[in-house]
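Shown next, in structure tokens, is the structure this report addresses.
Atoms considered below: every heavy atom in the structure, side chains included; atoms not considered: hydrogens, waters and symmetry mates. Since this is a predicted model, take the numbers as computed values, not measurements.
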Number of protein chains: 2
Amino acid sequence: MAMTIRSVRKAKGHGAERRQEILDAALMLFAQRGILAVSTRDIAAAAGISQPALYAYFRTREEIAAVLCEQAFIDLRMRMVAAADHQPPDLASFLRICRVYIDFGLEQPDAYRVAFMLEKGGAEPEETKARITAAGVEAFGCFHDQVARFVAAGLTRPAETTLISQSLWASLHGLASLLIARPGFPWADRETLISHHIMALAAGVLRR
Amino acid sequence: MAMTIRSVRKAKGHGAERRQEILDAALMLFAQRGILAVSTRDIAAAAGISQPALYAYFRTREEIAAVLCEQAFIDLRMRMVAAADHQPPDLASFLRICRVYIDFGLEQPDAYRVAFMLEKGGAEPEETKARITAAGVEAFGCFHDQVARFVAAGLTRPAETTLISQSLWASLHGLASLLIARPGFPWADRETLISHHIMALAAGVLRR
DNA sequence: GTGATAAGTGATCACCGATCAATTGGCAGC
DNA sequence: GCTGCCAATTGATCGGTGATCACTTATCAC
């Protein structure tokens with residue numbers, strides 16, 4: 001028993017590195033070829049292990065995507081926290097927060113796909129699904145808190161904070177997801193479109 | 001040659017019916033179990049034919065989803081046309097047009113998924129992809145035309161029509177897709193949220 | 001009837017996600 | 001040194017998938 005502690009610890013340490021290597025390889029392949037086109041054998045080969053070895057670290061292929069999803073949510077949350085200043089909120093900070101969200105989607109389109117645009121097979125373990133939902137709710141919670149500061153400062157049109165934050169989130173997600181999913185659509189100039197979109201949202205949410 | 005005309009006609013007629021039966025069966029299964037969980041054998045069994053017979057009507061499984069996607073776009077376009085009145089535009093018509101879009105997504109979540117939220121494998125025949133894009137551009141074109149009427153009537157804040165319509169579309173898509181993709185999220189009351197969302201969009205787009 | 005044409009089928013291919021018995025490699029106890 | 005154990009890893013394999021093929025069946029002009 002006692003002797004196994006060190007070996008287990010070492011194995012876990014080694015295992016955790018391996019686990020992250022697998023995740024890195026999977027995300028790279030997802031980015032290169034698309035999520036559906038990557039097989040477990042591809043991931044294993046890219047990670048330098050055999051295909052069955054994957055299942056020592058992840059129960060299913062879906063769980064790999066699910067963990068990447070969770071990491072994406074955590075990344076988004078960190079960006080939100082980093083972008084949050086503790087000055088009194090103003091138009092500039094509103095625009096910045098919206099920017100952070102859109103930029104996250106455009107800079108990490110595959111993570112964004114995994115996090116928000118992937119059809120879930122419903123076969124994931126309940127515990128894994130709960131962790132993803134928790135990470136997502138937490139990331140959105142940061143966004144919600146920022147919106148709440150604008151509401152508290154009296155900068156917004158009168159409405160429930162939850163309605164404002166969820167509506168705003170949906171609008172930001174809409175632009176990010178469409179730009180990612182439909183790159184072939186005849187979009188207006190991307191930068192101009194994003195700026196206009198965020199300005200229009202500000203006009204709809206903030207007091208004039 | 002001449003003799004084959006009738007047989008071809010009859011075969012095509014029969015074939016077209018079968019083709020639509022397959023599409024109906026596929027859409028039903030997609031709705032019941034999710035798009036990824038439906039196999040060609042499932043579709044064939046539901047349509048009352050053998051699995052290889054599918055490939056007489058569709059080149060790949062993806063093409064079945066692609067044609068459903070095209071039909072969804074056509075349906076959306078028809079709804080847009082039906083909702084378009086030729087009275088001078090006002091706030092009520094703005095709200096109605098937005099409603100049509102959201103309702104389309106919520107009433108036909110699976111068609112909406114296929115049309116807007118499905119990861120394309122990139123393996124579809126180029127001609128099929130072009131038809132889908134064309135149908136999508138056409139559906140969006142109807143929406144764009146409606147927006148243009150508001151711009152022409154001087155009801156909107158000054159901005160390029162294309163920017164306004166694409167931004168609006170993104171915001172509507174964002175809410176529809178999130179409500180479809182994340183039913184487990186702690187949303188505000190759906191009806192209240194939709195109303196607030198559309199009102200906020202109106203406030204952001206229309207002149208005060 | 002008869003031959004040609006098209007539709008539909010069973011059998012099959014390569015590949016997928018996932019599982020399992022068997023093998024390997026490293027470390028404790030002697 | 002050697003032995004025995006345990007976790008990590010593997011080749012082989014299972015059922016199922018999308019797609020293809022040779023073969024059979026049904027239809028229709030003549």
Just list the side-chain donor-acceptor pairs under 3.5 Å for residues 192-203 of chain B, sequence neighbours left out, or say none.
{"residue": "B:Thr192", "atom": "OG1", "partner": "B:Asp189", "partner atom": "OD2", "Å": "2.7"}
{"residue": "B:Ser195", "atom": "OG", "partner": "B:Arg99", "partner atom": "NH2", "Å": "3.4"}
{"residue": "B:Ser195", "atom": "OG", "partner": "B:Glu191", "partner atom": "O", "Å": "3.1"}
{"residue": "B:His197", "atom": "ND1", "partner": "A:Ser167", "partner atom": "OG", "Å": "2.6"}
{"residue": "B:His197", "atom": "NE2", "partner": "B:Ser171", "partner atom": "O", "Å": "3.0"}

- Contacts of B:Phe58 that satisfy ring pair (Phe, Tyr, Trp, His ring centres under 6.0 Å) - sequence neighbours left out: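 B:Phe58: no ring pair (Phe, Tyr, Trp, His ring centres under 6.0 Å) contacts found.
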- Query: ring pair (Phe, Tyr, Trp, His ring centres under 6.0 Å) with A:Phe104: which residues, sequence neighbours excluded?
  - Reply: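 Listed in chain order: nothing, the list is empty.
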- Task: Can you check each nucleotide of nucleotides 15-21 of chain D against protein heavy atoms at under 4.0 Å and return B for base, S for sugar-phosphate only, - for none, in 5' to 3' order?
- Result: --BBBBB
Whole angstroms only, please: what is the [atom1]-[atom2] distance between [X] and [N]?
X	N	atom1	atom2	result
A:Phe58	D:dT9	CZ	C1'	16 Å
A:Arg19	D:dA7	CZ	C1'	18 Å
A:Glu63	C:dA18	CD	P	10 Å

- Of all residues at least two apart in sequence or in a different chain, which pass the side chain to side chain donor-acceptor pair (under 3.5 Å) check with A:Thr161?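 Per chain and number, A:Thr161 pairs via side chain to side chain donor-acceptor pair (under 3.5 Å) with no residue.
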- OP1, OP2 of D:dA8 versus side-chain N and O of A:Tyr57: anything below 4.0 Å?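 No, A:Tyr57 has no side-chain N/O under 4.0 Å of OP1/OP2 on D:dA8.
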- Summary of salt bridge (charged side-chain N to carboxylate O under 4.0 Å, His left out) pairs that have at least one residue in residues 41-58 of chain B, sequence neighbours excluded: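 Every salt bridge (charged side-chain N to carboxylate O under 4.0 Å, His left out) pair that includes a residue of residues 41-58 of chain B, provided the two are not neighbours, is B:Arg33-B:Asp42.
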- Query: Taking C-beta and beyond as the side chain, do A:Tyr57 and A:Leu23 meet within less than 4.5 Å on heavy atoms?
  - Reply: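 No, side chains not in contact.
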- Tell me what B:Ala53 touches on the nucleic acid: a base, only sugar-phosphate, or nothing, going by heavy atoms under 4.0 Å. base
